[in-house]
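Below: one structure in structure tokens.
Atom set for the values below is all heavy atoms of this structure, side chains included, hydrogens, waters and symmetry mates excluded.
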Amino acid sequence: MRQRQPLPREGVYEFYWRFAYERQKAFERRVAGCEPPWTSDPIISEFKFCNVFRAADRVSQYLISEVCYHCEPCSTADRLFQIVAFRLFSKIDTWDTVREYLGRQPTLEDLSTDRFTKALAAALSRNGRIYTGAFILCANDSYGKPYKYLNHIELLRHMFLMDDLAFKIRECCTLEELYWTLHQYPLIGDFMAYQIAIDLNYSELVNFDEDDFTQPGPGALRGIKKCFVDAGGLQPSEIIMWMVDHQEEEFAKLGLEFSGLWGRRLHAIDCQGLFCETDKYCRVAAPQLESARKRIKAKFLPQSDAIAFFFPPKWGLNESISAQNAVQKPLDVSASVC
């Protein structure tokens with residue numbers, strides 16, 4: 001039987017594309033050095049939303065430039081460990097403190113001794129919190145330790161010291177295979193396995209097509225339910241891919257000139273995230289829709305420190321940013337690759 005197309009919810013489905021357009025325009029105006037307000041959309045102005053492109057968010061930018069492509073000498077296994085460990089905490093202050101305590105990036109040798117544990121304890125003592133609030137992590141006592149971070153240390157030891165995860169990662173042939181390789185471990189649920197797989201794929205050590213596989217998180221599932229009356233026989237992951245495949249025509253239908261991220265179109269990880277952000281947006285724009293979440297918790301508070309935008313060199317974006325920067329100075333582009 002021929003699959004049907006998903007049936008959009010009229011008046012709400014359009015929010016997905018309009019939000020993507022307006023949020024990206026606000027991003028572009030801000031990095032170009034324009035004065036606020038960066039958008040006329042009152043919801044985007046008032047509340048905190050992630051960037052349209054995951055790789056442009058502050059934490060992902062830090063991960064790419066300071067973890068995936070840092071210039072310190074280290075082995076392939078060390079760098080893969082660093083990427084996975086950073087995402088488990090997803091907090092810049094935590095990683096900065098770990099690096100300060102050790103005097104460098106953490107290595108597998110640090111993991112095998114107490115040095116990495118002591119560095120995380122120092123981060124906890126200094127900052128109070130060592131985890132982001134962005135992810136809901138799986139149950140924290142799988143390794144029998146009294147604190148969540150100690151269980152995550154044991155998880156990392158299980159992965160990299162006992163199970164040689166670094167070798168397994170390099171042996172993966174697809175993004176989906178990488179996802180399932182990560183998913184087999186305790187404390188690594190559906191969404192976290194996908195996030196780590198995407199992070200590893202930013203590096204030069206892993207290179208898969210981002211549109212080969214996707215895994216919707218809880219927010220994305222809520223967003224899909226709000227945007228569509230009927231899935232048309234498609235699974236949530238297939239709906240995300242449908243959005244990837246039809247983005248140009250959907251923007252055109254609404255008369256929106258979406259230029260992407262310096263020319264880069266939306267990929268599956270971005271369309272997945274946009275469903276999550278659309279779910280949040282609809283809590284104000286379409287409150288009549290049933291949802292487990294009734295309000296947007298975080299207000300928008302601009303941070304004063306500029307981001308030195310740097311993307312995986314294999315994407316070919318950094319040259320475009322540098323060319324733009326030669327004409328318009330405010331955008332700071334990192335030159336962290338050695």
- Regarding Q215 and H183, is there a side-chain donor-to-acceptor distance under 3.5 Å anywhere?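 No, because no side-chain N or O of Q215 sits under 3.5 Å from a partner of the opposite role on H183.
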- Inspect the contact between R283 and D279 and indicate whether a charged nitrogen and a carboxylate oxygen are less than 4.0 angstrom apart. yes
- Query: For Y62 and D96, does a side-chain donor sit closer than 3.5 Å to a side-chain acceptor?
  - Reply: yes
- Message: Parallel, tilted or perpendicular: which one describes the rings of F275 and F228, with boundaries at 30° and 60°?
- Response: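 Rings of F275 and F228: tilted, as their planes differ by 30° to 60°.
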- Measure from NZ or CZ of R30 to the centre of the six-membered ring of W38 and say whether it is under 6.0 Å with the direction within 45° of the ring axis.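 Yes, cation above the ring, under 6.0 Å and within 45°.
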- Message: Ring-plane angle category for F49 and F47, please: parallel below 30°, perpendicular beyond 60°, tilted otherwise.
- Response: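 Rings of F49 and F47: perpendicular, over 60°.
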- Aromatic plane relationship, W315 with Y202 - under 30° parallel, 30 to 60° tilted, over 60° perpendicular: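 Plane angle over 60°, so perpendicular.
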- Message: With rounding to the nearest 0.5 angstrom, report the OG1 to CD distance, T214 to Q272.
- Response: 5.5 Å
- Task: Please work out which of the three classes, parallel, tilted or perpendicular, describes the rings of W242 and H246, given edges at 30° and 60°.
- Result: parallel
- Message: For W262 and F27, take the angle between the two ring planes, folded into 0 to 90°, and tell me which bin it lands in: parallel under 30, tilted 30 to 60, perpendicular over 60.
- Response: perpendicular
- Query: Should the pair D199-R54 be classified as a salt bridge under the 4.0 Å nitrogen-to-oxygen rule?
  - Reply: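 Salt bridge: yes.
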- Query: Which ILVMFWY residues are connected to F167, directly or by a chain of links, through side-chain heavy atoms under 4.5 Å apart?
  - Reply: none
- Item | Check ion pair K25-E22 (N to O, under 4.0 angstrom) | no
- NZ/K148 to CG/L150 distance, rounded to the nearest 0.5 angstrom?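 Between K148 NZ and L150 CG, I get 12.0 Å after rounding to 0.5 Å.
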- Query: Considering the options R157, R115, K118, R99, which one meets the salt bridge (charged side-chain N to carboxylate O under 4.0 Å, His left out) requirement together with D110?
  - Reply: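 When R157, R115, K118, R99 are each tested with D110, the salt bridge (charged side-chain N to carboxylate O under 4.0 Å, His left out) holds only for R115.
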- Item | Donor-acceptor pair, side chain of Q82 and main chain of T107, under 3.5 angstrom |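 No, Q82 side chain to T107 backbone: no donor-acceptor pair under 3.5 Å.
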- Message: For a quick test of reading the model, state the closest non-hydrogen atom pair linking C282 to F15 and the distance between them.
- Response: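 Nearest heavy atoms, C282 then F15: SG-CD1, 3.9 Å.
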- Task: Answer yes if the side chains of Q105 and W95 hold a donor-acceptor pair under 3.5 Å, and no otherwise.
- Result: yes
- Query: Between K168 and E171, is the closest basic N to carboxylate O distance under 4.0 Å?
  - Reply: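 Salt bridge absent between E171 and K168.
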